[in-house]
Peer 1: 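This is the structure, below, for whatever I ask next.
Positions are given from 1 along the sequence.
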Amino acid sequence: MDSHDWLDTECAALEQAGLRRHLRTVMSAPTGTINLDGRDVVLLGSNNYLGLSTHPQVIAAAVEATRTFGTGASGSRLISGNSERYTTLETNLAKTKHTEAALVFSSGYAANTSIIPVLADGDDLILSDALNHASIIDGCRLSRATKKVYRHCDVEHLKTLLSESTAFRRRLIVTDSVFSMDGDIAPLRDIYEVATHYNAMLLVDDAHGFGVLGKDGSGTVTHFGLEGTDIIQMGTLSKAVGALGGYIAGSRALIELLINKARGFIFTTGLPPATLAAANAALDVMCSSPELRQRLFLHAKCLKTALTDLGYTVLPSETQIIPVVLGSPQQTTSMADTLLAEGVFAPAIRPPAVPPDTSRLRLTVMATHTEAEIQQAIAGFATVFPKTR
Ligand SMILES: *Cc1c(COP(=O)(O)O)cnc(C)c1O
């Protein structure tokens, strides 16, 4: 018996359940049409919502920063890795988010798994939406706090859970703003009122709202007119901003404590100069380009309407994320394979990313798609539909 035999057994079990994952190789930039494993296909699976990762101004900033400052940060931010580009970026983020301060982490995943254990520990309670992102779930686990999960976007359930749990030292409500696999928007105004009433902290993960919702793309909190409140905003620089990194925007006191206690901030190397410079340049373009958001929403509406008319089960998303639910993991991967053969890349999303029996194609559009590409995608879906009946 080999002590590693169980690895193959585990993979075989995943295969059996239709849950095995495989890597694909993208051989071009994430534009409307990509080269995937050697074939050109319309891309409906990128979070590069505004196309900023290939924007000439953004690329120029990244190249210039690399020439001047090299490729790596060479140290953690508290030792030698904290460059001027961080200061500029954090100042710009705080300004965009209407908060006193902001702090950049290596990724959105690191931001969530770092901040939650700082805000809550064994004496505290976390109230978490049932469909929150995995990085929030992992942050809750690391915190050792008691966790109660409220039904998706159900403010009454949240209220009940809060009223039943008064014995805790601190209470933290955490929610995605735009849900990553559903594209719906959390009722932030109601959640904020409940948080205020019960004196609970509120942390909002704006990974998919930043760059897309609110004035100048500043995000979901602005979309609801809640800027200037004490809502703690988490977000990422890896989606609409087209670079890499996560951030927390909030009060100066919060940022100060994170610098001192957030383990995913302290014990890791700073981001490369190119990444920070790209994020900075992208932020400028993002804030000054409302036409990108208009195009994004136009494409989303067009695709949603066409797929619904064709008879697909499209969840009522309000954003650029368009979930087409098929049910079983097997049905979903089979549909994704058929679409790929038609030249449309629509990623299959299966448990544990989504609840059992809700496997889906998670489609996303980009401002940089052309109308022809959106029509090509719709034609692919039209061809494929009868075969699945
Ligand atoms: C993508 C995502 C993250 C993680 O961000 P990365 O920068 O990719 O690590 C966190 N929360 C949500 C809701 C996300 O969709």
Side-chain angles (χ1 to χ4, degrees), residues 23-69 71 85 88-89 92-93 96 104 106-108 180 207-213 216-217 219 235-247 271-300 302-303 319-322 340 343-347 362-377:
L23 286 168
R24 291 178 217 277
T25 310
V26 178
M27 304 169 88
S28 61
T31 51
T33 299
I34 57 165
N35 189 295
L36 189 70
D37 294 321
R39 275 186 61 232
D40 282 350
V41 293
V42 177
L43 172 61
L44 293 182
S46 172
N47 296 326
N48 182 25
Y49 300 131
L50 303 178
L52 296 182
S53 84
T54 53
H55 193 284
Q57 219 169 302
V58 177
I59 292 175
V63 170
E64 176 61 26
T66 302
R67 285 198 202 288
T68 315
F69 301 103
T71 54
R85 278 149 303 286
T88 315
L89 182 57
N92 285 339
L93 280 169
T96 310
V104 170
S106 304
S107 69
S180 54
H208 297 280
F210 192 49
V212 172
L213 295 177
D216 297 339
T236 172
L237 304 168
S238 66
K239 289 170 179 158
V241 180
L244 177 68
Y247 65 83
L271 286 166
T275 302
L276 297 169
N280 250 321
L283 217 52
D284 283 345
V285 179
M286 177 191 107
C287 291
S288 58
S289 309
E291 71 280 3
L292 291 179
R293 282 177 280 283
Q294 274 163 19
R295 275 182 68 79
L296 182 72
F297 279 102
L298 217 60
H299 288 333
C302 175
L303 188 56
T319 60
Q320 73 282 6
I321 299 168
I322 305 167
L340 200 57
V344 181
F345 178 33
R362 174 193 183 263
L363 315 181
T364 52
V365 290
M366 297 181 283
T368 42
H369 273 122
T370 62
E371 261 131 61
E373 284 165 339
I374 299 292
Q375 289 308 324
Q376 198 184 327

Peer 1: To the nearest 0.5 Å, tell me how far I322 CD1 sits from H299 NE2.
Peer 2: 11.0 Å

Peer 1: For A61 and A281, work out which heavy atoms get closest and say how close.
Peer 2: CB-CB, 3.7 Å

Peer 1: Where the side chain of T236 meets the backbone of G245, is there a donor-acceptor pair that is under 3.5 Å apart?
Peer 2: yes

Peer 1: How many angstroms lie between atom CD of E373 and atom OG1 of T31, to the nearest 0.5 angstrom?
Peer 2: 7.0 Å

Peer 1: Where is the tightest heavy-atom contact between L50 and T368, given as atom of each residue plus distance?
Peer 2: O-CG2, 4.1 Å

Peer 1: Please evaluate residues D216 and T96 with respect to the criterion side chain to side chain contact (heavy atoms under 4.5 Å, CB included), reporting the C-alpha separation (whole Å), side-chain torsions for both, the decisive distance (0.1 Å), and the verdict.
Peer 2: CA-CA 8 Å; D216 297 339; T96 310; 5.8 Å; no

Peer 1: Whether the side chain of R295 engages the backbone of H369 through a donor-acceptor N/O pair (distance < 3.5 Å, no angle test) should be reported.
Peer 2: yes

Peer 1: Using the side chain to side chain donor-acceptor pair (under 3.5 Å) rule, collect all pairs that involve residues 44-53, keeping only residues at least two apart or in two chains.
Peer 2: N47-Y49, N47-R362, N48-S53, Y49-H208, Y49-R362

Peer 1: Using 0.5 Å steps for rounding, measure from the OG1 atom of T364 to the CD1 atom of I321.
Peer 2: 7.5 Å

Peer 1: Heavy atoms, side chains only, cut-off 4.5 Å: are F345 and L340 in contact?
Peer 2: yes

Peer 1: Not counting sequence neighbours, which residues clear side chain to side chain donor-acceptor pair (under 3.5 Å) with S107? List them please.
Peer 2: none

Peer 1: Counting C-beta onward and ignoring hydrogens, is there a side-chain heavy-atom pair between S28 and I34 closer than 4.5 Å?
Peer 2: yes

Peer 1: State, to 0.1 Å, how close M286 and G211 come at their nearest heavy-atom pair, and which atoms those are.
Peer 2: SD-CA, 3.5 Å

Peer 1: Provide the closest heavy-atom pair for A243 versus T275 in the form atom of the first, atom of the second, distance.
Peer 2: CB-O, 4.0 Å

Peer 1: Can you check side chain to side chain contact (heavy atoms under 4.5 Å, CB included) on L43 and V26, steps first, answer last?
Peer 2: CA-CA 10 Å; L43 172 61; V26 178; over 6 Å; no

Peer 1: To the nearest 0.5 Å, what is the distance between CD1 on I59 and CG on L52?
Peer 2: 10.5 Å

Peer 1: With rounding to the nearest 0.5 angstrom, report the CG to CD distance, N280 to Q57.
Peer 2: 12.0 Å

Peer 1: Please report the shortest heavy-atom distance between A279 and L237, naming the atom on each side.
Peer 2: CB-CD1, 4.2 Å

Peer 1: Answer whether the closest heavy-atom distance between the side chains of L283 and L93 falls below 4.5 Å.
Peer 2: yes

Peer 1: Return the minimal non-hydrogen interatomic distance between P272 and T71, and the atom names on each side.
Peer 2: CB-O, 3.2 Å

Peer 1: Once side-chain contact (heavy atoms from CB on, under 4.5 Å) is applied, do any residues pair with D40, and if so which ones, sequence neighbours excluded?
Peer 2: T33, N35

Peer 1: Find out whether E64 and T68 are in side-chain contact, i.e. whether some heavy atom of one side chain is under 4.5 Å from a heavy atom of the other.
Peer 2: yes

Peer 1: For the atom pair CE (M366) and CD (Q320), what is the distance rounded to the nearest 0.5 Å?
Peer 2: 11.5 Å

